Amino acid sequence: MSTTSCFCLLPSATIDQRPPRMQQREALNKNVSNSTSSATQLNGNLPLVPRLSPNYRSSTSEHNLVSSLARERKVVSLQRMEALKNKVRLILRSAANTSEMLSLVDAIQQLGVAYYFEEEIGNILSCVRGNLLNDGMIKELDLHDVSLAFRLLRQHGCYVSPGVFESFKDRKGSFKHELEQDVRGLLSLYEASFLGIDGEVSLHEARSFATSQLQPFLEASTKVARALEQPFHHSLAGFQARRYIQDCQDGEDCKHDILIELAKLDCDYTQSLYRKELWEVSKWWKGLGLAEELGFIRDQVLVWFMFPLSMLPEPHLSDCRLKITKVVALIYTIDDIYDVRGSMEELHLFTEAVARWDLGFVHTLPAYLRTCFMALRDVTIEIQSHVQKRHGHNVYDKLKQVWATLTQAYMEEAKWKSTRFMPKTEEYLRNRVVSTGLPAALVHVYYLMGFSEPKDGPVDALHQREGLVWYSAMILRLWDDWGSTMDEQERGYDASYIDCYMKEFGATEEEARKHVKQMISSAWEKMNRECLVLPTNPNPFPPSFARVALNAARACPVMYQCEKDGRLLDLEEHIKMLLVDRI
């Protein structure tokens, strides 16, 4: 079979040049699609999202959902949105005191529209930081305001000492008893504690105190129950925005009507944009032909699209989302080749081909591996051309290095699997964090966002076993293992970190899971440190890129937390919320 028409990135105008059986398959899907109800009717009846496994193929209903969502786009008044944004800017500039400033910034963050007001928020937080450094001023603020200021400033890369909470403690160093009924303050203190960095014991104590005092209010307060289950710093903005709007609609006191209206319009606008992008990337995937030619790989564009969407929700990052979805699709495809299809000899050849990046050597590969390599090459060239045109950087060699590192990690796992070798925990993480594919995806994001390579940049992070990219990928690795320990039989022998820990330390599964939770918590604290300007970290990654890495970690429970029946209910909810349901 000729491969040249399969691996090229075909524009929509040439889509009929695909292989005949692909045209037949699309015609069949189109016939089914014509009889399918609209996205509104599909609401509540999403195709089930099972645990991601190599034998999962996307269903007809999933393809039909993508098609119907693309047809149903709501027209949003951009003029009205601009008018509302200008009103919000005026409100931000006229905020009279620190408490009002903090309340506005918090509401903007909760509603997921902070990307429209980065300059104004930066100015406000500079002012707030000055107030926090003034002992006289800080005494005028209550626990809620101090905690909120601490959280917001650290979220924006400004280091604030935990010493700001000392005024709320007694002579013994314990939090004062009169705070025990201050639910608002306790909730803010609890949220602030998740911005702690490794070694800040006082913030662990603050979280323990706040958690214990909030327990009696669990049943009476949805906000308390929600926060204790998933703190704001670990949550995706989309979830928070929908819940904040719903709280206001359910009768909670809301002083930000203009912000609520803007957030609703923004949800409609971004949803329409996301639907268009999903359709475009689905059309690209079908045109590529890999799902047809490599019949053993996963075919789940809807799921693949959700990870870039979670990492990069901002409207102006549309091009980046589309290209990263292509990267994610290839990561899953290559992963399936190493996990499911390739013989050890074939995998050695493919690993060498990616390392060499030599078309002469590629011709020695089996046909299905040539198809995959050429698709990888075309996408890499596309991204390089985009980065060169937009930002003037030549990153082609760096991207080739990224794919070589990733396939080498897959090759190492294939060796483990073929010999049923169970590595020590340190060796396991050294390789399996890379093989999540997240470091590779984040390197592509970094360049697509226009950043040039600094010393100890994202490519180096693949080898450092530390840093922002590494800790984000470690969280993904551990969350995936947490949900897949009992779910890997379909993939053959595939040890998880929990398995390795149990064998190496003679631990029970319960002990191993407790240890994994502690590791995830520790990784979050190290990520927090990497985002702050400190003497030990004077030049952290740009804040916009740091948000992407943090969002990737936030998406992990959504993408990988598996129910007992094997379904990914949080992912289903995320898909419905961002792509299907209207406010």
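We're numbering straight along the sequence, starting at 1. A quick note: this is a predicted structure, and the numbers were derived from the prediction, not measured. Worth knowing before you read on, the calculation uses all heavy atoms, side chains too, and leaves out hydrogens, waters and symmetry mates.
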Which pairs would a plain distance check flag for residues 353-363, meaning a side-chain donor or acceptor within less than 3.5 Å of a matching protein atom at least two apart in sequence or in another chain?
| unit_1 | atom_1 | unit_2 | atom_2 | d |
| --- | --- | --- | --- | --- |
| R356 | NE | E352 | OE2 | 3.0 |
| R356 | NH2 | E352 | OE2 | 2.7 |
| W357 | NE1 | Y396 | OH | 2.8 |
| D358 | OD1 | G360 | N | 2.9 |

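The main-chain N or O of H204 is never found under 3.5 Å from a side-chain atom of S208 such that the two would form a donor-acceptor pair. In this structure a side-chain-to-backbone donor-acceptor pair under 3.5 Å is present from R513 to W482. Side chain of D336 to main chain of R298: a donor-acceptor pair is present (N/O by atom type, distance under 3.5 Å, no hydrogens or angles). The backbone N or O of A227 sits less than 3.5 Å from a side-chain atom of Y190, completing a donor-acceptor pair. For E293 (side chain) and T371 (main-chain N/O), no donor-acceptor pair under 3.5 Å exists by modelled atom type. A donor-acceptor pair is defined here as one N or O able to donate and one able to accept, closer than 3.5 Å; no such pair exists between the side chain of R432 and the backbone of L478. Under a 3.5 Å cut-off, the side chain of E292 and the backbone N or O of G289 do not form any donor-acceptor pair. The backbone N or O of L429 sits nowhere less than 3.5 Å from a side-chain atom of R477 that would complete a donor-acceptor pair. Between the side chain of T333 and the main chain of A329, a donor-acceptor pair closer than 3.5 Å is present. No donor-acceptor pair under 3.5 Å is formed between the side chain of D198 and the backbone N or O of S522.
With sequence neighbours left out, the side-chain hydrogen bond (donor to acceptor under 3.5 Å, both in side chains) criterion links S193 to R207. Every residue was checked against the ring pair (Phe, Tyr, Trp, His ring centres under 6.0 Å) condition with F232, not counting sequence neighbours, and none meets it. For H386, there are no ring pair (Phe, Tyr, Trp, His ring centres under 6.0 Å) partners, not counting sequence neighbours. Under the salt bridge (charged side-chain N to carboxylate O under 4.0 Å, His left out) criterion, R554 pairs with no residue at all, not counting sequence neighbours. Applying the salt bridge (charged side-chain N to carboxylate O under 4.0 Å, His left out) test to E277 and every residue at least two apart in sequence or in another chain returns R321. Applying the side-chain hydrogen bond (donor to acceptor under 3.5 Å, both in side chains) test to H234 and every residue at least two apart in sequence or in another chain returns nothing. By the ring pair (Phe, Tyr, Trp, His ring centres under 6.0 Å) test, W304 is found to be paired with W285, Y332, residues two or more places apart in sequence or in another chain being considered. Applying the ring pair (Phe, Tyr, Trp, His ring centres under 6.0 Å) test to F350 and every residue at least two apart in sequence or in another chain returns nothing. For M411, the side-chain contact (heavy atoms from CB on, under 4.5 Å) partners two or more places apart in sequence, or in a different chain, are Y338, M344, L347, H348, T351, A414, K415. For Q388, the side-chain hydrogen bond (donor to acceptor under 3.5 Å, both in side chains) partners are Q384, not counting sequence neighbours. Scored by the salt bridge (charged side-chain N to carboxylate O under 4.0 Å, His left out) test, E191 finds no partners at all (sequence neighbours excluded).
Residue Y497 holds its OH atom at 16.0 Å from CH2 of W479, rounded to the nearest 0.5 Å. Distance check, rounded to the nearest 0.5 Å: CD1 of I197 to CG of N528 gives 8.0 Å. Annotation: the span from H233 atom NE2 to M527 atom CE amounts to 7.5 Å, rounded to 0.5 Å. If you take CD1 on I324 and CG on L448, they are separated by 5.0 Å, rounding to the nearest 0.5 Å. Between F296 atom CZ and I337 atom CD1 the span is 5.0 Å, to the nearest 0.5 Å. To the nearest 0.5 angstrom, H515 atom NE2 is 6.5 Å from F505 atom CZ.
In this structure the side chain of V301 never reaches within 4.5 angstrom of the side chain of K286, judged on heavy atoms. Counting only heavy atoms from C-beta outward, the side chains of H574 and L309 never approach each other to under 4.5 Å. Contact annotation: the side chain of S310 never approaches that of N551 to less than 4.5 Å [non-hydrogen atoms, C-beta and beyond]. Between F307 and I331 the shortest side-chain heavy-atom distance does not fall below 4.5 Å. With contacts defined as side-chain heavy-atom distances shorter than 4.5 Å, the pair L578/M306 qualifies.
When all heavy atoms of L330 and A375 are compared, the pair lying nearest together is CD1-O, 4.1 Å. Across every non-hydrogen atom of T325 and P308, the tightest pair is OG1-CG, 3.4 Å. For the pair A225 and L218, the tightest heavy-atom approach, listed with the atom from each and the gap, is CA-CD2, 3.5 Å. Scanning all heavy atoms of the two residues, the minimum distance from A512 to I498 falls at CB-CG2, 3.8 Å. A pairwise comparison of heavy atoms in H444 and V402 identifies CE1-CG1, 4.2 Å as the closest pair. Taking each heavy atom of T380 and L376 in turn, the nearest pair found is OG1-O, 2.8 Å.
Between Y446 and F541, the two ring planes are perpendicular [angle over 60°; tilted spans 30° to 60°].
Checking D481 against Y428 by side-chain atom types alone, a donor-acceptor pair falls below 3.5 Å. A side-chain donor from one of E412 and W416 sits under 3.5 Å from a side-chain acceptor of the other.
Counted within 6.0 Å of NZ on K400, heavy atoms from surrounding residues, nucleotides or ligands total more than 12; the atom is thus considered enclosed. Atom CD of E229 has 12 or fewer heavy atoms from other residues, nucleotides or ligands within 6.0 Å. Few gaps surround CD on Q518; more than 12 heavy atoms of other groups in view lie less than 6.0 Å from it.
With salt bridges taken as basic N to acidic carboxylate O contacts below 4.0 Å, none links K526 and E530.
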